[in-house]
Amino acid sequence: MTLSAEQELLAPITLRSELPAETLREMYHYMALARALDERMWLLNRAGKAPFVISCQGHEAAQVGAAFALQRGKDFTLPYYRGLASVLVMGMTPTEVMLALFARAADPSSGGRQMPAHYGSRRLKIVTQSSPVGTQIAHAAGISLAEKIKGGDAVAWTSFGEGTTSQGDFHEALNLAAVHRLPAIFQCENNEYAISVPIRQQMAVNSVADRALAYGMPGVSVDGTDLLAVYEVTRRAVERARRGDGPTLIEARVVRLTAHSSDDNDRTYRPQRELRSLRQHDPLARFVAYLHDHDLLSEAEAQELRAQIAAEVDAATEAAEQAALPDPETLADHVYGS
Amino acid sequence: MTLSAEQELLAPITLRSELPAETLREMYHYMALARALDERMWLLNRAGKAPFVISCQGHEAAQVGAAFALQRGKDFTLPYYRGLASVLVMGMTPTEVMLALFARAADPSSGGRQMPAHYGSRRLKIVTQSSPVGTQIAHAAGISLAEKIKGGDAVAWTSFGEGTTSQGDFHEALNLAAVHRLPAIFQCENNEYAISVPIRQQMAVNSVADRALAYGMPGVSVDGTDLLAVYEVTRRAVERARRGDGPTLIEARVVRLTAHSSDDNDRTYRPQRELRSLRQHDPLARFVAYLHDHDLLSEAEAQELRAQIAAEVDAATEAAEQAALPDPETLADHVYGS
Amino acid sequence: MSELNVLEAIRQGIDEMMAADERVFVFGEDVGKRGGVFRVTEGLLDKYGPLRIIDAPLAESVIVGACIGAAMNDTLPIAEIQFADFIAPAFNQIVQEAARIRYRSNGDWNVPMVIRAPYGGGIHGALYHSQSIEATFAHIPGLKVVAPSTPYDAKGLIKSAVEDADPVLFLEHKKTYRLIKGSVPASDYRVPIGLADVKRSGSDLSVFTYGLMLHYCLEAAQTLERAGTSVEVVDLRSLRPLDTATILDSVRKTGKALIVHEDNLTGGFGGEVAALIAEHVFEYLDGPITRLGAPDVPAMPYAKPLEDAFMLNPLKIATAMRTLAAY
Amino acid sequence: MSELNVLEAIRQGIDEMMAADERVFVFGEDVGKRGGVFRVTEGLLDKYGPLRIIDAPLAESVIVGACIGAAMNDTLPIAEIQFADFIAPAFNQIVQEAARIRYRSNGDWNVPMVIRAPYGGGIHGALYHSQSIEATFAHIPGLKVVAPSTPYDAKGLIKSAVEDADPVLFLEHKKTYRLIKGSVPASDYRVPIGLADVKRSGSDLSVFTYGLMLHYCLEAAQTLERAGTSVEVVDLRSLRPLDTATILDSVRKTGKALIVHEDNLTGGFGGEVAALIAEHVFEYLDGPITRLGAPDVPAMPYAKPLEDAFMLNPLKIATAMRTLAAY
Ligand SMILES: Cc1ncc(C[n+]2csc(CCOP(=O)(O)OP(=O)(O)O)c2C)c(N)n1
Ligand SMILES: Cc1ncc(C[n+]2csc(CCOP(=O)(O)OP(=O)(O)O)c2C)c(N)n1
Ligand SMILES: [Mg+2]
Ligand SMILES: [Mg+2]
């Protein structure tokens with residue numbers, strides 16, 4: 001039931017995408033922006049200005065590819081803490097991201113209440129997330145259940161790591177979605193680690209996509225560092241969901257280019273050789289190469305774009321850093337609506 | 001990975017088993033005993049003497065077949081509330097079963113503290129069970145984990161209904177057992193209902209055995225009304241487990257011959273036609289037919305056996321009914337060991 | 001006005017809310033054809049169809065988790081937990097998610113959902129079909145917890161709960177379902193969440209209670225009346241938010257407080273009530289704040305002698321009232 | 001004697017128990033190569049190998065559930081929950097299973113296991129890496145709950161917990177891990193579960209507390225001493241079983257009780273302590289029983305001004321002490 005046939009149809013990144021050049025450049029822009037923001041956050045962390053950072057580095061293609069298959073303002077996204085690139089595509093601005101990093105009052109996700117990378121925006125239909133992993137998978141099932149009840153055609157897209165598929169909530173939610181053929185897309189970003197625990201101690205299957213077999217839904221495994229492949233797979237899952245044919249589990253095979261978080265040091269548990277080879281799978285580099293190879297982005301254009309992004313990141317950082325911290329008087333706000 | 005090849009090898013009940021005649025008659029004895037005890041419990045319930053009954057009727061072959069593949073006093077069993085036939089094979093006596101029905105102080109499972117059918121006996125390695133479904137699956141994984149740590153070769157066998165496979169604990173436990181190749185056997189007794197909820201509203205797969213694919217362990221689907229087939233499948237799973245090759249998920253397809261429990265009325269949700277056809281799948285009848293066909297049990301022997309069982313059930317009922325209720329003074333006993 | 005039992009009152013409340021607002025739906029095990037194991041949703045499948053009365057898989061965490069999601073997508077879910085004892089697998093979704101979503105999103109998102117849970121014992125349900133769970137959840141900011149005791153309150157509160165913009169845990173004492181009857185107006189009324197109700201006025205002693213125990217306390221109070229002791233019985237009804245003002249006022253009047261609940265004593269909800277009184281109306285106290293609860297054993301046993309020993313009853317309560325009154 | 005911090009003391013206690021009894025093993029996320037995210041189990045994988053220091057899948061329910069099973073098969077498991085906040089998915093296994101197994105089997109089966117859980121805030125951990133969870137679990141008969149505050153107690157209690165025949169929830173305040181140091185004897189001692197410890201003797205006022213707050217209370221008590229007020233500070237250490245005798249004795253002596261915890265006020269563990277005092281030593285009270293806890297918001301926010309507003313500190317505590325002393 002894994003769509004291996006379908007998978008073979010998927011364009012390796014050297015194939016030509018039918019998307020307009022402008023769209024492809026936009027995709028690149030989001031990937032590069034996510035990367036630049038993420039790198040800046042680490043710098044700020046090392047400079048003592050941001051106590052906590054958790055990265056999307058290595059996951060950008062999986063997220064931008066998927067998010068471009070969704071409809072902004074219509075579809076619900078429930079990304080996890082590595083979802084920076086996905087929320088940027090869905091409409092969150094660099095300044096908003098930085099406001100969360102600095103725990104400022106104007107942070108739209110939580111007003112500085114949550115750790116950074118706990119994205120949320122009702123306006124953008126990015127659903128507020130928590131830290132306990134996997135809970136959002138159930139919420140995605142519920143959102144799509146409500147959509148079915150209401151007769152709408154929005155889909156709920158959620159993401160999580162491969163470690164998180166060990167949680168009961170993953171199982172219960174996928175099962176529910178399959179039984180009721182709900183318009184949900186479950187994206188597992190498999191980076192082969194849950195903090196220090198390698199995938200072999202997490203599961204005994206070769207692919208997270210195999211887990212779809214337990215629910216009777218299609219499971220697709222895709223190279224998550226290949227933006228266009230992820231886009232294509234997600235596009236089909238979205239179509240399927242909108243048609244009322246039910247959910248899809250997508251495994252996007254990615255790499256975690258950084259330590260788990262700024263509190264971690266992965267050299268204690270990751271083999272040297274692996275650490276050295278990580279950059280070979282850098283999704284950003286792969287996509288740049290594609291754009292160059294297909295004459296979609298010249299070196300000059302790329303430089304201009306990077307400069308523009310750097311400026312954007314500078315501005316966002318500055319704006320956020322200068323924004324006000326939450327007023328202690330607001331501590332007890334929003335416990336109840338009434 | 002479902003052992004469909006293996007499945008085809010399974011003896012339909014008309015095939016000749018290589019087990020000694022005495023063993024086969026013993027198997028029949030346990031099935032018939034379980035049935036007789038179970039029927040008596042309903043009578044006692046209808047007579048107002050037992051407030052609650054929950055049945056194993058229809059599941060006997062699945063349980064006796066499985067339990068005969070285990071080693072009494074060595075292997076751990078963690079049956080669920082329909083496990084009457086399995087605990088009889090593992091050594092619980094009819095009187096002990098009736099002591100629980102009447103909530104007597106001498107009930108070895110709980111001293112009258114739990115509802116009937118919550119079996120347990122440390123001596124017999126029948127692990128105390130609770131009512132929240134599915135928790136025992138995690139315990140079975142843990143028992144087999146300890147066995148692996150200790151270097152022993154006992155197996156942990158647990159049973160549960162198909163509805164219970166929707167619980168997160170099912171998923172988490174099977175995954176753990178697969179990752180560590182633990183000596184555990186997970187028997188799902190699929191009677192196609194969870195109280196009133198039919199399997200189609202419980203899962204979107206055709207067989208619970210398919211769920212094994214998500215964990216990388218063998219999943220076997222077997223006709224659970226065919227005692228010898230279940231015995232054979234379980235025997236292989238036990239061998240596999242003792243060899244250190246890991247766990248097996250077994251789906252035993254059974255019928256629920258009664259309402260969910262004495263508090264239920266299944267005519268409100270089960271189609272008439274289905275209710276009428278249930279007895280066609282009666283595992284006891286099938287096995288009697290087998291024994292007759294193979295000249296392993298004459299009509300006279302069968303009658304004698306049934307008379308003997310009836311007497312046993314009478315005696316158990318009487319002994320249990322006359323046993324003392326728990327002393328209220330013992331209410332606070334056994335909260336802590338010290 | 002009609003005479004209903006608690007179960008019928010809840011059913012009527014749900015039915016009326018479903019008729020009035022098509023965003024309301026019910027999700028739980030066996031709620032469809034079976035009408036719930038207690039028959040609270042009986043007849044609703046025929047009336048509202050399988051898209052609004054939905055049989056859930058046997059998985060409490062996603063029952064609650066999916067309702068949280070649905071509530072964030074403009075519907076008003078009522079999750080049914082078959083027995084309160086089986087809410088435990090959903091603890092994470094209730095406490096870490098439902099209760100914290102408004103706060104953690106700084107008011108951007110909210111979760112208007114109801115979780116119904118039949119609780120309590122004295123019905124021969126043994127360890128896992130008799131539990132009281134209110135202390136665990138009444139401790140959780142962001143959650144509301146109500147426990148009505150009469151048909152009138154049950155109907156009025158279930159409607160308020162469905163309309164509430166935040167998650168409400170709605171506790172239904174199983175023994176009151178058919179035992180307790182009362183008249184319920186035909187009009188579309190509400191009982192607001194957060195208000196206690198003085199079910200019996202008195203001057204010598206205040207009793208604070210809820211659920212089945214309310215009825216036992218009223219019975220005990222009547223016994224004491226015959227001996228000339230006037231007992232005030234306050235039905236807390238809503239445990240979170242708690243109507244502290246009514247509690248403190250009552251103690252200011254009587255000077256004595258007895259707190260009664262069916263749940264285990266230690267760490268039970270009574271501790272909170274006692275602490276509030278001990279801190280805020282200390283000067284009014286004429287006697288020790290007394291708590292009555294179940295013994296500290298893991299849960300209520302099945303055998304009748306043990307169940308009886310576990311459960312409070314009007315007699316045990318009357319004795320405690322007398323002792324305190326005599327102080 | 002050596003000078004250790006709380007984290008090292010716990011590690012040493014586990015190490016010694018593992019060396020002494022090969023039935024002891026550790027099961028939790030990242031406990032292996034990583035040595036736990038706080039490094040409590042650092043070095044133990046090398047020493048005891050992957051069959052006794054086991055990296056668990058990311059699934060708390062089966063972490064606890066499997067340890068329950070293992071405990072019933074003659075091993076002594078120590079489950080590590082990475083952050084106390086993430087114990088919620090294991091609530092069912094802890095409360096309905098671990099805590100009830102001895103009772104429901106009438107003493108036939110028991111579950112000798114430890115669940116370690118780093119808890120508490122003030123470490124910039126935000127809503128989900130700062131929670132206090134003791135009230136929830138201290139309410140559960142069948143479970144033991146300890147919360148040591150010093151290296152000496154931590155080591156002595158972890159050893160008692162591993163040896164205990166029943167499930168023990170072992171709460172480790174994250175902020176004390178490296179902050180609090182103290183001398184720990186080389187000898188193989190135990191601190192028994194169920195005993196409070198008067199960490200500072202005084203006559204004017206009793207303070208009951210545990211965890212990080214113990215240290216804040218001691219600091220505040222010192223401030224008051226300078227003004228001539230003698231404050232007794234009782235470290236509860238074990239919340240279940242609770243050392244009621246020591247609590248009541250202290251109030252008999254001072255006549256005034258202040259209860260301090262980091263957890264939210266309403267429904268927090270302080271209610272239980274207050275209720276016990278209000279009922280059993282009512283006649284000795286010279287002032288209202290006072291509780292100090294966190295405001296009733298769903299959890300501790302990330303931004304420093306909000307975290308500071310949420311957390312108690314020696315100053316806030318000293319103020320409450322002064323108010324009560326002056327009553
Ligand atoms: C319920 C729960 N348990 C533990 C944690 C601590 N934790 C945070 S991230 C993480 C690993 C997650 O791994 P994975 O799902 O593979 O996602 P990745 O970080 O690799 O993208 C863990 C154990 C948590 N957040 N929630
Ligand atoms: C966690 C939990 N939720 C709900 C229940 C109530 N309940 C008892 S049995 C049952 C159905 C179980 O169905 P299945 O697993 O198929 O077993 P069967 O009874 O059909 O053999 C339900 C919902 C329970 N015991 N535990
Ligand atoms: Mg990962
Ligand atoms: Mg079933």
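First the proteins, then the strands, lettered A, B, ... as listed; each starts at 1.
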State whether a side-chain donor-acceptor pair under 3.5 Å links [X] with [Y].
X: A:Arg211; Y: A:Thr165; answer: yes
X: B:His118; Y: B:Ser131; answer: yes
X: B:Gln114; Y: B:Tyr119; answer: no
X: A:Asp264; Y: A:Tyr269; answer: yes

List the atom of [X], the atom of [Y], and the distance in Å for their closest heavy-atom pair.
X: A:Ala204; Y: B:Tyr215; result: CB-O, 3.4 Å
X: A:Thr225; Y: A:His281; result: CG2-O, 3.4 Å
X: A:Val87; Y: A:Pro79; result: CG1-CG, 3.7 Å

Contact listing (chain B partner; residues 142-164 of chain A; heavy atom under 4.5 Å) =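 So far as heavy atoms go, nothing in residues 142-164 of chain A approaches chain B to under 4.5 Å.
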Heavy atoms under 4.5 Å from chain B: which residues of residues 170-191 of chain A carry them?
->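 So the qualifying residues are A:Phe170, A:His171, A:Glu172, A:Asn175, A:Ala178, A:Val179.
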Would you compute the distance between atom [atom1] of [X] and atom [atom2] of [Y] and round it to the nearest 0.5 angstrom?
X: B:Lys125; Y: B:Thr77; atom1: NZ; atom2: OG1; value: 10.5 Å
X: B:Ser196; Y: B:Asn265; atom1: OG; atom2: CG; value: 11.5 Å
X: A:Asp266; Y: A:Ser261; atom1: CG; atom2: OG; value: 10.0 Å
X: A:Gln272; Y: A:Arg267; atom1: CD; atom2: CZ; value: 8.0 Å

Check: B:Gln57 side chain, B:Thr258 main-chain N or O, donor-acceptor pair, under 3.5 Å = no
Heavy-atom contact with chain A under 4.5 Å, split by part of B:Gln167 =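 Both parts, heavy atoms under 4.5 Å.
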Can you name the residues of residues 239-247 of chain B that have some heavy atom under 4.5 Å away from a heavy atom in chain A?
->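 Hits under 4.5 Å: none found.
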Any residue meeting side chain to side chain contact (heavy atoms under 4.5 Å, CB included) with B:Arg273, in chain and number order, not counting sequence neighbours | B:Arg276
